[in-house]
Amino acid sequence: MKVGIIGFARSGKTTIFNSLTGAHAAVGTFGSRDSNVAVLKVPDERVDRLAEIYKPKKKTYAEFQFVDIAPNESGGDDKALDSAALTALKNVDALVHVVRAFGNEEVMHPLGSVDPARDARSLEEELQLCDLIIVERRIERMEKENRKDNEYKVLVQCKEHIENGHSLRSLELSVQEKRDIAGYCFLSQKPLLLLGNYGDESIGNEDPAGLDAFGKESGLTVIAFCGAMEMEVAQLPEEDRPAFREDLGLGEESRTQFLQTAYDMLGLMSFLTAGEPEVRAWTIPKNTKAVDAAAVIHSDIARGFIRAEIVNYAHFIAAGSMAKAKEAGHVRLEGKEYIMQDGDIVLFRFNV
Ligand SMILES: Nc1nc2c(ncn2[C@@H]2O[C@H](COP(=O)(O)OP(=O)(O)O)[C@@H](O)[C@H]2O)c(=O)[nH]1
Ligand SMILES: [Mg+2]
């Protein structure tokens, strides 16, 4: 999973990036011209527990990679994204829009005032406009070439949808239609999470910024973050964090909350592999077939797929060992078409 962090200048993108990944990228600097990249390992008790049992050489969590998009090169601050950013975003799986909701007189808002719903809408429009330009150019070319195939028809639908003021993610398309336009990597089609970056004073207030209301209206998921404080805590040694969270009145670990929301929103789940060499969690979309899950590990395993031996984590732990889980009939042999379930521990049998 690769996630792009976007937003207006000084909305707290780098602050959020640091709080999610524990990185120490410089905040508040305007000289930095590079995107920051870091990884968040998805905490997973199941991996820890299986590692205690299997004592593997290696323990690997699922990962989210975050790209904190470099500031706007063009100098103008009234747009959140410049062309370098648009290119960098093409290959991310999802977007997090950091919306400034903290009031801090010392930090200038590029649009002159703090207005989260305006910022959220404005950036949506930037994404839509960027897609529209690509769609229009392409349609024009295809018309010249007299190419009116399926791809053309889907592009015309996209054009109308954007012209009606909507992002492409709300356009209902069939699996085939999605495939027809997948190559364009449209930005307004990518799942987007609105992350309100609130000041310390807003903890516990309900929707002080009107962002939840905007989210409802536009069908976007919203989560609240106290960026500055979260970053401070995230940069402490792990064992000191709980006490600090309590002192500061911060609730549940914000990364946990972020990950839960992201998994839900993106329709993701994890399956597990366990053995002496490695215990590992793998992230896949819900409703993935066994053979496609195998491909996530290695294309050879999918190609030579024979069967999958599967026991769900809960059954395995309840039984106490693989042998006992087998005795109890919880270890199943499944074929290519089996739909993977969250927490399945899998051994793929294959032959290449
Ligand atoms: N009070 C307050 N200030 C913040 C918060 N988040 C970011 N800032 C400040 O806003 C400025 C810009 O933050 P930064 O993360 O660099 O924003 P970016 O330009 O979007 O990457 C810095 O001076 C931060 O200290 C917050 O939650 N509360
Ligand atoms: Mg920054």
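Both counts, for ligands and for their atoms, begin at 1 and track the order of listing. Predicted model only: the values in this text are computed from it and were never measured.
Contact annotation for Thr14 and ligand 1: heavy atoms of both the backbone and the side chain come within less than 4.0 Å of the ligand. At a 4.0 Å heavy-atom cut-off, ligand 1 touches Val27 through backbone and side chain alike. With a 4.0 Å cut-off on non-hydrogen atoms, Thr15 touches ligand 1 through its backbone as well as its side chain.
Proximity of the aromatic rings of Phe64 and Tyr263 is defined here by a centroid distance below 6.0 angstrom, and this criterion is met.
Between the CD atom in Glu278 and the OG1 atom in Thr60 there is a gap of 3.5 Å [rounded to 0.5 Å]. For the atom pair Met231 CE and Leu236 CG, the distance stands at 11.0 Å (nearest 0.5 Å). Annotation: the span from Leu171 atom CG to Asn164 atom CG amounts to 10.5 Å, rounded to 0.5 Å.
Taking a 6.0 Å sphere around NZ of Lys159, one finds it holds 12 or fewer heavy atoms contributed by other residues, nucleotides or ligands.
In this structure, Phe17 does not count as a contact residue of ligand 1, since none of its heavy atoms falls inside 4.0 Å of the ligand. The shell of residues lying under 4.0 angstrom from ligand 1, judged by heavy atoms, includes Tyr198. Within the 4.0 Å heavy-atom shell around ligand 1 one finds Ser11.
Looking at ligand 1, you won't find any N or O of Val107 less than 3.5 Å from one of its N or O atoms. In terms of polar-atom proximity, Asp68 is not counted as a contact of ligand 1, lacking any N or O under 3.5 Å from an N or O of the ligand. On a distance-only criterion, Gly28 and ligand 1 share at least one N/O pair closer than 3.5 Å.
Which parts of ligand 1 touch Gly12 is read off a 4.0 Å heavy-atom cut-off, strictly below it: atoms 7 (C), 13 (O), 14 (P), 15 (O), 17 (O), 18 (P), 20 (O). Counting the atoms of ligand 1 from 1 in the order shown, those under 4.0 Å from a heavy atom of Lys13 are 15 (O), 17 (O), 18 (P), 19 (O), 20 (O), 21 (O).
Between the choices Phe225, Phe8, Phe102, the shortest heavy-atom distance to atom 4 (C) of ligand 1 belongs to Phe102.
Each of Arg169, Lys190, Arg118 was evaluated against Glu124; a single residue qualifies, Arg169, per the salt bridge (charged side-chain N to carboxylate O under 4.0 Å, His left out) test. Residue Tyr152 is tested with Arg147, Arg138, Glu143 for a side-chain hydrogen bond (donor to acceptor under 3.5 Å, both in side chains); the sole match is Glu143.
With 2.8 Å as the limit, Thr15 does not count as an N, O or S neighbour of the Mg ion (ligand 2).
Side chain of Asp119 to main chain of Arg100: no donor-acceptor pair is present (N/O by atom type, distance under 3.5 Å, no hydrogens or angles).
Remark: Lys59 engages Asp48 in a salt bridge, criterion side-chain N to carboxylate O under 4.0 Å.
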